[in-house]
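Below you'll find the structure, written out as structure tokens, and then a few comments.
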Amino acid sequence: MAIVLGPNQYGKAENRLVTVSRNGSVHTIKDLTVSTSLRGDLSDTHLTGDNTKVLATDTQKNTVYAFAKEAPVGEIEDFALRLGRHFVGTQEAISGARILIDEHAWERIDGHDHAFSQGSNEKRTTAVTIEGSQAWVVSGVRDLVVLKSTGSEFHGYPKDPYTTLKETNDRILATSVTARWRYAGTDVDWAKSFTEIRSVMLKTFADKHSLSLQQTLYAMGEAVLNARPEVAEVRLSMPNKHHFLVDLSAFGLENDNEVFYAADRPYGLIEGSILRDDAPDAGQAWSTLPAF
Ligand SMILES: O=c1[nH]c(=O)c2[nH]c(=O)[nH]c2[nH]1
């Protein structure tokens, strides 16, 4: 038996980067969390501690901040591609890079020049993977919380000795969407694509009469693929944020679908991938990302 080194990568996780761009007195901010990870000929450091081929994670961090100054950050996908290609292109031992970026949303306060509020916890995300001269982009959104107060049913499921759930023709449907979509290529208007994908997902959540969260999940992915040819695959993770009808009968009150207990946990967790059957091979696009 021999013990060998398996897959490995290293980098600086969660660099917090905020930039201010000034157009006269009008400021625009970008608030990012950037993680870098490098792969390649890294067995020496693991086996003997020889760091000749190790670009320090501290240097990776500095590169993130220096790049933010040297050219406009732009869209997160472009910034991630730029960083990943730099590391692979300048370090002989480094053959691959994975750059993860979350963009935190800030809204301008009432047209104010330089004051902002953080309205929600929603994040725009990207995961860019570079392998040699190839690049894959998986972008997405996280913590997109949505709720509809009707237009959702759940019934027809098996009743076994442990089933207590009541069937319903009218319930609250709420979830916090994590969506990731894999682009077929890299020649994409990233900002437009993001805005339209987000909007198609929201519209489908709202419009689709739901018989299960699974059906809603599929419909949202299908709508994205129908609307956006640049997308090859959509992966969705949607916790069912249960709203249980409160039993008010002890107080002689009827509850006509008006008073709910918003449960925190446990929650149903509905996850899936929707893709074109002729989608280009995913290559390294999903490597080391969560399955959904
Ligand atoms: O949309 C739903 N899907 C389920 O699989 C499920 N299971 C459950 O208890 N409630 C629900 N709702």
Side-chain angles (χ1 to χ4, degrees), residues 33 102-107 117-125 138-159 162-181 194-228 231 233-251 253-275 289-292:
T33 300
D102 287 358
E103 180 167 2
H104 311 267
W106 288 94
E107 282 162 26
S117 70
Q118 204 158 43
S120 85
N121 204 25
E122 181 184 334
K123 267 89 67 185
R124 175 176 162 185
T125 66
V138 173
S139 290
V141 66
R142 226 161 12 96
D143 301 324
L144 173 58
V145 180
V146 290
L147 179 150
K148 58 197 285 186
S149 50
T150 189
S152 166
E153 311 184 27
F154 190 63
H155 43 75
Y157 45 83
K159 317 295 181 301
Y162 303 111
T163 303
T164 57
L165 185 72
K166 296 224 169 7
E167 301 201 323
T168 175
N169 293 307
D170 190 4
R171 67 174 181 173
I172 288 177
L173 187 65
T175 184
S176 173
V177 179
T178 297
R180 287 194 182 87
W181 48 88
F194 173 81
T195 304
E196 300 201 353
I197 289 169
R198 182 180 180 281
S199 149
V200 162
M201 288 196 303
L202 289 178
K203 183 169 166 41
T204 307
F205 175 82
D207 289 349
K208 177 81 184 172
H209 187 94
S210 176
L211 299 178
S212 64
L213 186 53
Q214 288 89 332
Q215 185 197 25
T216 297
L217 177 147
Y218 183 83
M220 289 167 68
E222 182 185 36
V224 170
L225 292 174
N226 278 332
R228 307 304 311 172
V231 175
E233 176 180 0
V234 183
R235 294 190 182 184
L236 288 155
S237 176
M238 302 187 6
N240 195 348
K241 294 170 81 71
H242 302 298
H243 288 67
F244 295 116
L245 208 57
V246 180
D247 182 358
L248 299 174
S249 59
F251 321 119
L253 297 171
E254 279 206 16
N255 189 352
D256 191 17
N257 239 3
E258 287 178 303
V259 179
F260 297 85
Y261 166 62
D264 177 23
R265 58 188 73 174
Y267 49 88
L269 183 57
I270 313 299
E271 303 183 298
S273 157
I274 302 95
L275 68 167
L289 287 180
F292 296 103

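Heads up: numbering here begins at 1 and tracks the sequence.
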| query | Quick one: salt bridge (Lys or Arg N to Asp or Glu O under 4.0 Å) pairs with a partner in residues 165-174, sequence neighbours left out? | reply | Lys159-Glu167
| field | For Leu289, side-chain contact (heavy atoms from CB on, under 4.5 Å) partners two or more places apart | value | Arg98, Leu100, Ala127, Val138, Arg180, Trp286
| Taking C-beta and beyond as the side chain, do Met201 and Val146 meet within less than 4.5 Å on heavy atoms? | no
| message | Run the side-chain contact (heavy atoms from CB on, under 4.5 Å) test against Val259 and tell me which residues pass, sequence neighbours left out. | response | Val246, Leu248, Asn255
| Thr164: partners by side-chain hydrogen bond (donor to acceptor under 3.5 Å, both in side chains), with sequence neighbours left out | none
| side-chain hydrogen bond (donor to acceptor under 3.5 Å, both in side chains) pairs, two or more places apart, involving residues 212-221 | Ser210-Thr216
| query | Taking all non-hydrogen atoms of both residues, which atom of Ala105 and which atom of Gln118 are closest, and how far apart? | reply | O-CG, 3.3 Å
| query | Does a side-chain heavy-atom distance below 4.5 Å link Leu213 with Met238? | reply | yes
| Should the pair Trp181 and Phe194 be assigned to parallel (<30°), tilted (30 to 60°) or perpendicular (>60°) ring geometry? | tilted
| field | Main-chain N/O of Asn121 paired to Lys123 side chain as donor or acceptor, under 3.5 Å | value | yes
| query | Can you list every pair that meets salt bridge (Lys or Arg N to Asp or Glu O under 4.0 Å) and has a residue in residues 203-213, with sequence neighbours left out? | reply | Lys203-Asp207
| task | Answer yes or no: is there a side-chain heavy-atom contact under 4.5 Å between Leu202 and Leu144? | result | yes
| remark: Across all chains, not counting sequence neighbours, the side-chain contact (heavy atoms from CB on, under 4.5 Å) partners of Lys148 are Leu173, Phe205
| query | Roughly how far, to the nearest 0.5 Å, is CZ of Arg124 from NE2 of His104? | reply | 13.0 Å
| side-chain contact (heavy atoms from CB on, under 4.5 Å) with Leu236: which of Thr178, Leu217, Thr175? | Leu217
| field | Residues forming a side-chain contact (heavy atoms from CB on, under 4.5 Å) with Asp264, sequence neighbours excluded | value | none
| message | Testing Val177, Val145, Val141 one by one against Glu122 for a side-chain contact (heavy atoms from CB on, under 4.5 Å), which residue passes? | response | Val141
| message | Can you list everything that forms a ring-ring contact (aromatic ring centres under 6.0 Å, His included) with Tyr157? Sequence neighbours excluded, please. | response | Phe154
| request: Just jot down the side-chain hydrogen bond (donor to acceptor under 3.5 Å, both in side chains) partners of Glu153, sequence neighbours excluded, or say none. | output: His155, His209
What side-chain donor-acceptor pairs closer than 3.5 Å can you find for residues 267-275, not counting sequence neighbours?
residue : atom : partner : partner atom : Å
Glu271  : OE2  : Ser237  : OG           : 2.8
Ser273  : OG   : Glu233  : OE2          : 2.8

| remark: OG of Ser176 to CG of Asn240, rounded to nearest 0.5 Å, is 12.0 Å
| Nearest heavy atoms of Ala223 and Thr204, plus distance in Å | CB-OG1, 3.3 Å
| said: For Phe244, give me all partners under ring-ring contact (aromatic ring centres under 6.0 Å, His included), at least two apart in sequence or on another chain. | reply: His242
| request: Taking all non-hydrogen atoms of both residues into account, name the closest pair between Ala227 and Val200 and its distance. | output: CB-CG2, 3.9 Å
